[in-house]
There are 2 protein chains.
Amino acid sequence: MKQKKPGAQRPLKTKENLKHTKALAHSHVDIDVSHLLEDACGILRNAGLKRTPNRENLLRFLIENHGPFSKEEIQKALPKEDFDSVTLYRNLANFEEIGLVRRSEFGDGVSRYEFQSHPDNHHHHIVCTTCHKVDSLDSCSLPKLDDIVEKFGYSKVRHSLEFFGVCKDCSRKQK
Amino acid sequence: MKQKKPGAQRPLKTKENLKHTKALAHSHVDIDVSHLLEDACGILRNAGLKRTPNRENLLRFLIENHGPFSKEEIQKALPKEDFDSVTLYRNLANFEEIGLVRRSEFGDGVSRYEFQSHPDNHHHHIVCTTCHKVDSLDSCSLPKLDDIVEKFGYSKVRHSLEFFGVCKDCSRKQK
DNA sequence: ACATAAATGCAGTTGACTTGCATTTATTAA
DNA sequence: TTAATAAATGCAAGTCAACTGCATTTATGT
């Protein structure tokens with residue numbers, strides 16, 4: 001179950017594009033964050049995973065900030081006593097497995113992760129091929145490229161659409 | 001971007017047999033392949049890239065076979081005197097840059113490449129998450145997941161859709 | 001508080017992909 | 001045809017994200 005990535009392009013500059021929407025003391029946002037965090041921890045528990053400070057900090061960061069983020073970006077944003085790289089990778093993999101986070105790849109050899117409050121909470125991204133900024137697109141339907149260009153001011157737009165599933169042969173064998 | 005009429009010659013590594021005007025008993029498929037190859041080489045030339053035996057063999061393989069293929073798969077299929085890995089990577093990168101091939105990633109850490117006879121010849125893939133077999137899907141519009149499941153016998157289908165472009169800031173700077 | 005299964009983190013490994021550089025080769029001009 | 005030269009090649013060595021093994025620590029149910 002290797003999930004390695006190609007170092008296809010150049011290393012990517014990880015600058016600060018985190019949204020610091022840190023909230024006021026008792027806003028809806030805070031309440032939502034707490035709620036989402038508790039939900040997530042419930043899912044952890046159901047999956048037989050422990051609620052560790054590492055995981056809680058990681059989850060909180062992903063819930064409070066709108067990704068997707070690379071491991072590098074996550075590490076910079078977290079308390080440095082947390083997050084040996086190995087632990088971070090392992091937790092992200094765990095979270096992905098139980099559906100708490102979604103992993104994306106943008107062709108630069110780095111995986112990026114974002115919180116997924118619900119499996120149906122599915123959307124897509126547009127990535128600047130120059131500065132690597134990532135914007136999120138709403139729905140799950142294929143928007144017209146022109147609309148995207150217009151709405152976000154992007155030019156030279158291309159897209160990549162891949163489906164993943166279990167083929168007939170494999171699902172037969174698995175039975 | 002047409003260049004010249006194809007003389008439809010064999011792709012040998014010896015350089016002085018380019019005048020073999022074969023002509024007969026070949027199927028439409030062969031003719032198409034030759035034609036596509038000549039077109040591709042014209043694009044090479046226009047891009048200032050040389051027509052080497054390596055590149056010609058690589059192009060022919062990609063034209064004759066329906067990818068996408070990993071570097072590993074390509075290497076196995078080609079004459080072993082061709083294709084040191086480095087050269088292969090470099091040529092694939094060159095081809096991608098001038099639009100002759102399209103690179104895809106399916107999350108297993110390996111880039112895959114396929115011939116793209118025309119920039120508009122754009123389609124998508126469905127990948128078995130178990131055996132990694134890849135099927136191609138026709139058009140460029142978002143098919144209904146159910147249809148795919150039905151048509152190809154896939155189950156547990158998910159998809160990934162990413163857009164790439166140059167954002168407002170970057171295109172401003174580039175001017 | 002205890003037992004224990006899971007989580008952590010260091011060190012070391014993997015593997016896809018790149019880079020540097022000396023050599024070879026396709027192309028263009030003489 | 002040949003000479004000039006810019007590009008292509010290929011070996012060795014490097015890079016870097018991501019992974020594994022294992023000894024240690026810790027969360028959790030009893």
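Chain letters run A, B, ... following the sequence lines, proteins first and then strands; every chain starts at 1. Being a predicted model, the structure only gives us computed values, none of them experimental.
What separates CD of A:Glu97 from C1' of C:dA7 is a distance of 15 Å, to the nearest Å. Between the CG atom of B:Leu44 and the C1' atom of C:dA26 there is a distance of 12 Å, rounded to whole Å. Protein atom CG of A:Asn91 is 14 Å distant from nucleotide atom C1' of D:dT26, rounded to whole Å. Summarising the geometry, the separation between CG on B:Asp108 and P on D:dA18 is reported as 13 Å, rounded to the nearest angstrom. For A:Arg90 and D:dA17, the CZ to P distance is 18 Å, given to the nearest whole Å. As rounded to whole Å, 11 Å separates atom P of D:dG10 from atom CD of B:Gln75. At whole-Å resolution of the value, CD1 in A:Ile98 and P in C:dA7 are 10 Å apart. Residue A:Glu96 contributes atom CD, which lies 12 Å from atom P of D:dA18 at whole-angstrom precision.
Remark: A:Arg45 is not in phosphate contact with C:dA6, judged by side-chain N or O atoms under 4.0 Å from OP1 or OP2. Between A:Asn54 and C:dT8 there is a side-chain N or O to OP1 or OP2 distance below 4.0 Å. At the phosphate of C:dA7, neither OP1 nor OP2 sits under 4.0 Å from any side-chain N or O atom of A:Asn94. Contact check, A:Thr52 against C:dT8: a side-chain N or O comes under 4.0 Å of OP1 or OP2. OP1 or OP2 of C:dG9 lies within a sub-4.0 Å distance of a side-chain N or O belonging to A:Thr87. Contact annotation: A:Ser111 reaches the phosphate of D:dA18 (side-chain N/O to OP1 or OP2, under 4.0 Å).
Look at B:Glu38 and B:Arg51 and you find a salt bridge, because one of the NZ, NE, NH1 or NH2 atoms lies within 4.0 Å of a carboxylate O, short of that distance. Classification of B:Arg103 and B:Glu105 as a salt-bridged pair holds, one side-chain N sitting under 4.0 Å from a carboxylate O. Remark: A:Glu56 engages A:Arg60 in a salt bridge, criterion side-chain N to carboxylate O under 4.0 Å.
Comparing D:dA12, C:dC17, D:dA17 by their nearest atom to the side chain of B:Tyr89 picks out C:dC17. Closest to the A:Lys71 side chain, of the nucleotides D:dA18, D:dG10, D:dC22, is D:dA18.
Comparing B:Ser85 and B:Leu49 along DNA chain C, the residue whose closest nucleotide (by nearest heavy atom) sits nearer the 5' end is B:Ser85.
The residue A:Arg51 sits close only to the backbone: its heavy atoms come under 4.0 Å of sugar-phosphate atoms, none of a base. Using a 4.0 Å heavy-atom cutoff across all strands shown, A:Arg55 reaches sugar-phosphate atoms only and no base atom.
Counting atom types as modelled, B:Lys50 pairs a side-chain N or O with a base atom of D:dA6 as donor and acceptor under 3.5 Å.
Atoms CG and CD1, on A:Asn57 and A:Ile74 in that order, are 12.5 Å from each other to the nearest 0.5 Å.
B:Phe106 and B:His125 have perpendicular rings, their planes meeting at more than 60° on a 0 to 90° scale where under 30° would count as parallel.
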